[in-house]
Amino acid sequence: MDIKKIVAQLVEKYDTSDPFKLADLLGIVVVFEPLGSIYGYYSRSHRTKVIHINENLPLEKQLLTGAHELGHAVQHPEANTAFLKKNTLFSTDKIEIEANTFAVELLLPDELFKDQCYSGFTIYDAIEEKGVPIELLSLKSIDGKKILP
Ligand SMILES: [Zn+2]
């Protein structure tokens with residue numbers, strides 16, 4: 001299934017786009033711990049899915065990391081995924097791109113790009129507030145079209 005559809009169904013079913021609330025509702029354990037230079041990672045032990053988040057990150061980076069790792073938990077539950085770090089955020093691995101696409105669709109809903117109320121408040125401000133690096137904007141699509149050429 002299309003990643004955008006997966007996200008839309010989750011948001012509709014659980015009535016939230018908060019990655020930590022969604023994780024909780026999906027029975028995924030979220031652990032906040034000191035992880036040094038690592039943003040976070042996803043692991044599975046026995047039947048328990050666990051999202052690890054670096055507790056020392058600013059809130060918006062925790063949200064981005066949570067959304068990315070939730071993408072793994074939903075799309076790649078069995079996979080051993082790489083540690084998410086600043087530089088691996090731009091990994092070209094298929095599953096990393098899928099996790100990033102999930103995160104972008106979850107954190108940057110279509111309305112954000114259509115809403116005319118953002119006068120004086122640019123899309124870039126909005127993206128910054130959500131912790132999404134500008135480089136990941138290329139993964140966002142609306143009505144089947146990428147928003148960036
Ligand atoms: Zn990842």
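Just so it is clear, the structure is predicted and the values come from calculations on it, not from any experiment.
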Going by heavy atoms in the side chains, are [X] and [Y] under 4.5 Å from each other?
X    : Y    : result
F90  : L136 : yes
E69  : T81  : yes
F83  : T88  : no
K61  : N54  : no
I53  : F32  : yes
E105 : S141 : yes
V132 : L108 : yes
D24  : V30  : no

**Item:** D15 atom CG: more than 12 heavy-atom contacts under 6.0 Å
**Value:** no
Is the CD atom of E12 crowded by more than 12 outside heavy atoms at less than 6.0 Å?
no
Inter-residue atom distance [X].[atom1] - [Y].[atom2], 0.5 Å rounding:
X    : Y    : atom1 : atom2 : answer
F20  : T65  : CZ    : OG1   : 7.5 Å
L35  : H52  : CG    : NE2   : 8.5 Å
K130 : L112 : NZ    : CG    : 6.5 Å
D18  : L107 : CG    : CG    : 9.0 Å
L70  : I51  : CG    : CD1   : 5.0 Å
I95  : N100 : CD1   : CG    : 11.0 Å

ask   = Does a donor on one side chain sit under 3.5 Å from an acceptor on the other, for E96 and H68?
value = yes
For side chain to side chain contact (heavy atoms under 4.5 Å, CB included), just list the numbers for I3 and L139, CA-CA rounded to whole Å, side-chain angles, deciding distance to a tenth of an Å, and then say yes or no.
CA-CA 11 Å; I3 295 172; L139 298 173; over 6 Å; no
### Residue pair D110, K4: steps toward the side chain to side chain contact (heavy atoms under 4.5 Å, CB included) verdict
CA-CA 10 Å; D110 291 3; K4 197 179 178 82; 2.8 Å; yes
Can any side-chain N or O of N56 pair as donor or acceptor with the backbone N or O of P34 at less than 3.5 Å? no
- Message: Set out, in order, the CA-CA distance, both residues' side-chain angles and the distance that settles side chain to side chain contact (heavy atoms under 4.5 Å, CB included) for L10 and L106, then state yes or no.
- Response: CA-CA 9 Å; L10 281 174; L106 185 64; over 6 Å; no
